[in-house]
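Worksheet: the structure to be examined is printed underneath.
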Amino acid sequence: MELLKKDLQSTDRTSSNANSMRQLLDFLVELNARKIFYRLSCDNDEALMVEIAVPGERWEIEFYAEGEVEVEIFDHSSGVKGGEKAKAALNELFARFSE
């Protein structure tokens with residue numbers, strides 16, 4: 001068991017996955033703190049999705065194993081956002097819909 005543990009820790013993929021998981025967990029903590037309801041789902045093998053329904057909008061935030069985050073907002077201006085645009089979109093979510 002120790003050998004397997006060492007092998008896993010030595011790969012870049014494992015490190016990336018751990019960072020992705022930390023990023024996802026930090027996001028969920030933030031949603032909980034701001035009392036924004038969410039649902040988790042998994043539609044593909046490489047990402048977990050956080051689904052959020054707020055007045056007039058539906059958000060889908062995907063956290064990929066390699067660390068990428070994509071935000072898709074379904075409203076009158078639907079679109080996919082990644083990178084810095086995704087961060088800005090998530091800040092907007094918190095600013096507009098926190099209790």
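We're numbering straight along the sequence, starting at 1. Owing to the predicted nature of the structure, the values given are computational and were not obtained by experimental measurement.
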Which atom names give the shortest non-hydrogen contact between [X] and [Y], and what distance separates them?
X: Ile36; Y: Phe97; result: CG1-O, 3.6 Å
X: Ala65; Y: Ser20; result: O-OG, 2.8 Å
X: Cys42; Y: Ala47; result: SG-O, 3.4 Å

Hits for side-chain contact (heavy atoms from CB on, under 4.5 Å) against Glu51, two or more places apart or cross-chain, chain-then-number order -> Arg39, Ser41, Met49, Glu60

Contacts of Glu30 meeting side-chain contact (heavy atoms from CB on, under 4.5 Å) (sequence neighbours excluded), chain-then-number -> Arg34, Phe94

Is any side-chain heavy atom of [Y] closer than 4.5 Å to one of [X]?
X: Leu93; Y: Leu31; answer: yes
X: Val69; Y: Leu24; answer: no
X: Trp59; Y: Val50; answer: no

So if you build clusters from Ile, Leu, Val, Met, Phe, Trp, Tyr with side-chain heavy-atom gaps below 4.5 Å, do Leu40 and Phe37 land together?
no

When rounded to the nearest 0.5 Å, the distance separating CD1 of Ile61 from CD of Glu72 is 10.5 Å

Result for side chain to side chain donor-acceptor pair (under 3.5 Å) between Tyr64 and one of Glu62, Glu66, Glu68 points to Glu62

The single option from Glu70, Gln23, Glu46 that satisfies side chain to side chain contact (heavy atoms under 4.5 Å, CB included) with Phe63 is Gln23

Across all chains, not counting sequence neighbours, the side-chain hydrogen bond (donor to acceptor under 3.5 Å, both in side chains) partners of Asp26 are Arg22

